[in-house]
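Written below as structure tokens is the structure these notes are about.
All values below come from the heavy atoms of this structure, side chains included, with hydrogens, waters and symmetry mates left out. Note that this is a predicted model, so its numbers are computed, not measured. When a ligand or atom number is given, it counts from 1 through the structure's own listing order.
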Amino acid sequence: MEIKRNVLLNPGPSTTSDTVKMAQLVPDICPREKEFQSIMAPMRKDLVKIVHGGDDYTSVLFCGSGTICIDVCLNSLLPENKKALVINNGSYSQRAVDVCRAYRLPLIEVKQPIDRTPDLAMIEEALKENGGRVAYVYITYHETGTGLLNPVKEVGALAHKYGAFLITDTTSAYAMIPIDVNKENIDFCMASAQKGIQGMTGLSYVIGRKNIIEESKAYPMRSYYCNLYMQYDFFERTGEMHFTPPVQTIYAARQALKEYREEGEEKKWARHRRIMNGIRAGVDRLGFREALDRSVQSGLVSAIIYPDDPGWDFEKIHDYCYERGFTIYPGKIEAKGTFRLCALGAIDEADIAEFWKVFEAGLREMGVSIPVKYDAQ
Ligand SMILES: *Cc1c(COP(=O)(O)O)cnc(C)c1O
């Protein structure tokens with residue numbers, strides 16, 4: 001079977017290998033069978049290993065997109081009479097704030113600029129002011145909207161200093177940037193199969209400290225479907241997901257994890273860096289500007305500012321590229337027009353070189369001048 005290969009430069013779902021796609025084609029199976037459990041048990045261990053967790057960490061699988069893990073962690077891990085502290089410096093941490101509000105959790109929101117590293121002194125001040133009442137600090141590892149890399153290790157150290165634990169949304173970094181939960185003071189992290197491991201959509205996972213999950217049994221149950229302890233306990237007792245798992249996605253994830261191990265952590269990260277170097281080379285050659293200084297970027301997302309050219313039209317260039325097998329993505333910065341190019345997925349620098357040829361041809365057809373122009377600021 002021939003499957004058309006598309007190069008996805010959006011921030012996930014990402015391009016997958018044909019072998020991962022084909023791994024979904026399996027005989028029908030009831031996921032309550034032992035055969036299916038025997039796939040999930042090693043998978044839970046593999047997911048912990050990717051972030052170098054030991055036996056004190058576990059992983060819990062959920063059927064849903066990545067946001068389900070944000071929801072699960074925030075609502076399940078807050079004891080009564082304690083507060084959540086969320087560092088808000090981008091659209092994904094704003095999502096965490098929205099989740100806290102939806103559950104009416106006692107919330108301390110530490111707002112920070114979206115285009116630079118957050119101020120650790122302000123975070124410490126907020127922890128000090130609320131001495132002992134903060135249960136967890138939440139920060140996005142890599143803000144996918146802008147490409148900002150957050151100082152998770154330092155924020156984790158602060159959380160621990162004030163008796164709180166750290167939850168970080170690693171959805172757009174996990175299995176790409178090498179992460180070590182112990183070295184980086186991470187108590188909980190999370191990801192989704194369609195991003196770093198280059199699998200399919202519909203499977204997401206929380207990785208975190210067993211003892212904290214076990215303590216959370218006594219915390220208020222704020223959601224029935226999105227409860228971390230309940231899903232963990234069911235897995236521990238039965239080896240199964242509490243409710244129907246995304247069966248074919250799990251077969252694809254098994255293959256994706258095999259390919260992850262074959263490529264290896266360092267080599268995979270080197271490939272992502274190579275892709276980003278290719279992206280940046282084109283940005284520079286065509287004279288584009290990025291929204292963030294490269295010194296604060298993750299190296300996985302480039303947020304590019306729209307040029308000031310009457311011929312520029314994002315929709316048009318998007319469609320031009322899309323018709324030729326390349327998907328680009330709008331930005332998430334409200335104040336400025338931006339689009340994003342992301343270094344996720346089963347692609348490499350040669351794909352990026354091809355992409356820039358197509359993109360440049362598209363710009364010429366639209367009559368955009370090259371190098372692109374920006375009005376003086
Ligand atoms: C992709 C992503 C998610 C999950 O988003 P969904 O739309 O639910 O798939 C969560 N956090 C971050 C940082 C992400 O990049």
### Query
Side chains of Tyr232 and Glu214: is there a donor and an acceptor less than 3.5 Å apart?
yes
### Task
Indicate whether the side chain of Gln255 and that of Glu259 have a donor and an acceptor atom separated by less than 3.5 Å.
yes
### Message
Do Glu184 and Tyr141 pair up side chain to side chain, a donor and an acceptor below 3.5 Å, judged on atom types alone?
### Response
yes
### Task
For ligand 1, find out whether one of its N or O atoms is nearer than 3.5 Å to an N or O atom of Thr140.
no
### Query
Does the side chain of Thr67 pick up a donor-acceptor pair with the side chain of Arg95 at under 3.5 Å?
yes
### Query
Between Thr171 and ligand 1, which part of the residue brings a heavy atom under 4.0 Å of the ligand: side chain, backbone, both or neither?
side chain
### Task
Using distance alone, decide if ligand 1 has a nitrogen or oxygen within less than 3.5 Å of any nitrogen or oxygen in His142.
no
### Query
Going by distance alone, is a donor N or O of one side chain under 3.5 Å from an acceptor N or O of the other, for Thr58 and Arg44?
yes
### Query
With atoms numbered from 1 as shown, which atoms in ligand 1 lie under 4.0 angstrom from a non-hydrogen atom of Ser172?
13 (C), 15 (O)
### Task
Give every residue pair that meets the ring-ring contact (aromatic ring centres under 6.0 Å, His included) criterion with at least one member in residues 15-68, sequence neighbours excluded.
Phe36-Tyr251
### Query
So how far is it from Met200 CE to Gln248 CD, rounded to the nearest 0.5 Å?
11.5 Å
#### Entry: Nearest candidate to atom 11 (N) of ligand 1, where distance is taken over non-hydrogen atoms, out of Thr201, Val301, Asp169
Asp169
### Query
Taking it one step at a time, do Glu290 and Ser302 satisfy side chain to side chain donor-acceptor pair (under 3.5 Å)?
CA-CA 7 Å; Glu290 292 177 299; Ser302 171; 2.5 Å; yes
### Query
Looking only at protein heavy atoms, which one is nearest to atom 5 (O) of ligand 1, and how far off is it?
Arg95 NH1, 3.3 Å
### Summary
Nearest non-hydrogen protein atom to atom 15 (O) of ligand 1, with distance, is Thr144 OG1, 2.5 Å
### Message
Need the ligand 1 atom indices (1-based, order shown) with element for anything under 4.0 Å from a heavy-atom of Ser65.
### Response
6 (P), 8 (O), 9 (O)
### Task
Please could you name the atoms of ligand 1 that Gly66 approaches to less than 4.0 Å, counting only its heavy atoms?
4 (C), 6 (P), 8 (O), 9 (O)
### Message
So if I count the atoms of ligand 1 from 1 in the order they appear, which ones are less than 4.0 Å from some heavy atom of Gln194?
### Response
9 (O)
### Summary
Residue, atom and distance of the protein heavy atom nearest atom 2 (C) of ligand 1 read Lys195 NZ, 2.5 Å
